[in-house]
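Atoms within a ligand are numbered from 1 in the order they appear, just like the ligands themselves. These figures come from a predicted structure and were not determined experimentally.
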Amino acid sequence: MDYLEIVGGGSLSGEVEISGAKNSALPILASALLCKNPLRIKNLPDVADVKTLAKLLEHLGSEMQWVSPNELLIASDRIIHTKAVYDIVRKMRASILVLGPLLSRFGKCEVSLPGGCAIGARPVDLHIKAMEKMGAEISIEGGYIIAKASSGLKGSDIVFDKITVTGTENVLMAAALAKGVTRIVNAAKEPEVIQLCEILQKAGVEIEGIGSNELCVRGTNGELLDFKEINVIADRIEAGTYLCAGAITNSSITLKNVSPHHLEAVVGKLQEIGFTIETTSNTLKILPSHKRNAFEIITTEYPGFPTDMQAQFMALASQCEGSSFIEERLFENRFMHVSELQRLGANISLRGNVAKITGGERLIGADVMATDLRASSALILAGLVAEGNTQVHRIYHLDRGYERLEEKFSTLGAQIRRLKEK
Ligand code: EPZ
């Protein structure tokens, strides 16, 4: 296994290119199952989760041609079976995204129940209830979701009890080939959901309400879709992570190929802390601040403050004057990074789902362990300012969602290298 060694204390400078969004690439890949023509997808991030889902699609029978690590030609007109096996699904819960397309195209499928993960149980009950509402018969046997809809899925009113990103995406893809109209009430409206809606719309699916919490989808009644070439949107969480790298080291850095309007909550919070952020249509530049104020965050669905940026801001809070408070409202266990940040000397106390971080303590480098994708990035940020060396172990978590991470940080002047565990 690899680990990262970071020598703390320096400042950063220069520019970093933001990659395509992992959380847009995954539903887009799954939607290829609805496609009657070979599909070209550009600006895919070269990360493990994308490779895992591509492997699952290949296992189902899709034909793949990697034009480059970031560009894929995929043809799914000849799918040989409809079983998403445990061995692949266990590696990434977003594999659940094949449930909707397989069920609407073939009228049956078996999808391994994704395990939970470090940040919570992460059930898929809302996905299953929605498919049942659309006419599927679903049973859980041997850890698999066994789904049948022999007469195809039918359009229905789906009211989500909770806003679910991949739940909304699964229903969108199921509804695209269903018979009749599906209304999705309390739908997620993350930029990644919006991109999927736009792709389906361009492929011939009538969708109203894009960008709102209520979507109306008129299915093609089993007619496969004619997709146009796709360019994956920029990764707003990767961008937010690099903004936090500039903030925590109090440096001036520029992000390129980014969509600033997807980061309004994150940019607003950094401005509240004291940073100046200069924006153009596709770049963001953060400038050093003489004063970094404590802040409060409550994580909520888009366009609110994203849960995927919570850990990174907790690391930043250790460098702000006074006590900051972070309330995690989406996941029940997304504070795994707290104990690791405490190992570096951060002054953090927890009360239920609220973390209090008192700034001003010097961080001292140490061995720390990554527990989930975003927690790992927070440990790197802390390592950038900790005195001495920080070793971040189990960085396979990072490789799931950050492309060329140490290369990008090195370009910004960080002293970071990837080493092999002895
Ligand atoms: C997506 O996960 C993202 N992943 C996550 O990013 C992100 O943290 C999350 O949305 C919230 O923004 C992808 O898009 C691939 P949810 P998802 O369904 O769809 C509960 C990252 O780091 N829920 O919106 O799995 C659930 O437990 C990852 O890139 C149910 O109870 O999240 C959670 O409390 C981490 N039943 C809440 O809803 C269900 O059937 C929101 O989850 C589904 C969800």
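At least one N or O atom of D125 sits closer than 3.5 Å to an N or O atom of ligand 1. Considering backbone and side-chain atoms together, K22 places an N or O closer than 3.5 Å to an N or O of ligand 1. Inclusion of R374 in the set of residues having an N or O under 3.5 Å from an N or O of ligand 1 is warranted. Polar contact with ligand 1: present for L330 (N/O pair, distance under 3.5 Å). Of the N or O atoms in E169, none lie within a sub-3.5 Å distance of an N or O in ligand 1.
A donor-acceptor contact under 3.5 angstrom links the side chains of N70 and E403, judged on distance only. Residues H262 and E190 bring no donor and acceptor atom of their side chains to less than 3.5 Å of each other. R334 and T307 share a side-chain donor-acceptor pair at under 3.5 Å. Between the side chains of T358 and S323, a donor-acceptor pair is found at a separation under 3.5 Å. Remark: the S24 side chain and the Q195 side chain contain an N/O donor-acceptor pair separated by less than 3.5 Å.
Contacts of I163 with ligand 1, taken as heavy-atom pairs under 4.0 Å, involve the backbone alone. With a 4.0 Å cut-off on non-hydrogen atoms, L373 touches ligand 1 through its side chain and not its backbone. Contact annotation: for E192 versus ligand 1, there are no heavy atoms closer than 4.0 Å. Heavy atoms of D308 found under 4.0 angstrom from ligand 1 belong exclusively to the side chain. Proximity of T307 to ligand 1, defined as any heavy-atom pair under 4.0 Å, is confined to the side chain (atoms from C-beta onward). Contacts with ligand 1 closer than 4.0 Å are made by side-chain heavy atoms of R93 only, the backbone lying farther away. Of the heavy atoms in H127, both backbone and side-chain atoms come closer than 4.0 Å to ligand 1.
Put simply, the side chain of Y242 reaches to within 4.5 Å of the side chain of L412, judged on heavy atoms. Within the 4.5 Å cutoff, the side chain of V171 has heavy atoms near those of the F160 side chain.
The closest approach between R334 and ligand 1 falls below 4.0 Å for a heavy atom of the residue. Note on ligand 1: K129 sits outside its first shell, no heavy atom being nearer than 4.0 Å.
Distances below 4.0 Å separate heavy atoms of V165 from the following atoms of ligand 1: 1 (C), 10 (O), 14 (O), 16 (P), 18 (O), 19 (O), 24 (O).
Nearest residue to atom 27 (O) of ligand 1 from A94, P306, G401, P123 is P123 (criterion: closest heavy atom).
Under the 4.0 Å criterion applied to side-chain N and carboxylate O atoms, D157 and K133 are not assigned as salt-bridge partners.
Summarising the geometry of T82 relative to L102, their closest heavy-atom pair is O-CD1, 4.2 Å, with the distance given to 0.1 Å.
Between F313 and F305, a ring centre-to-centre spacing shorter than 6.0 Å is recorded.
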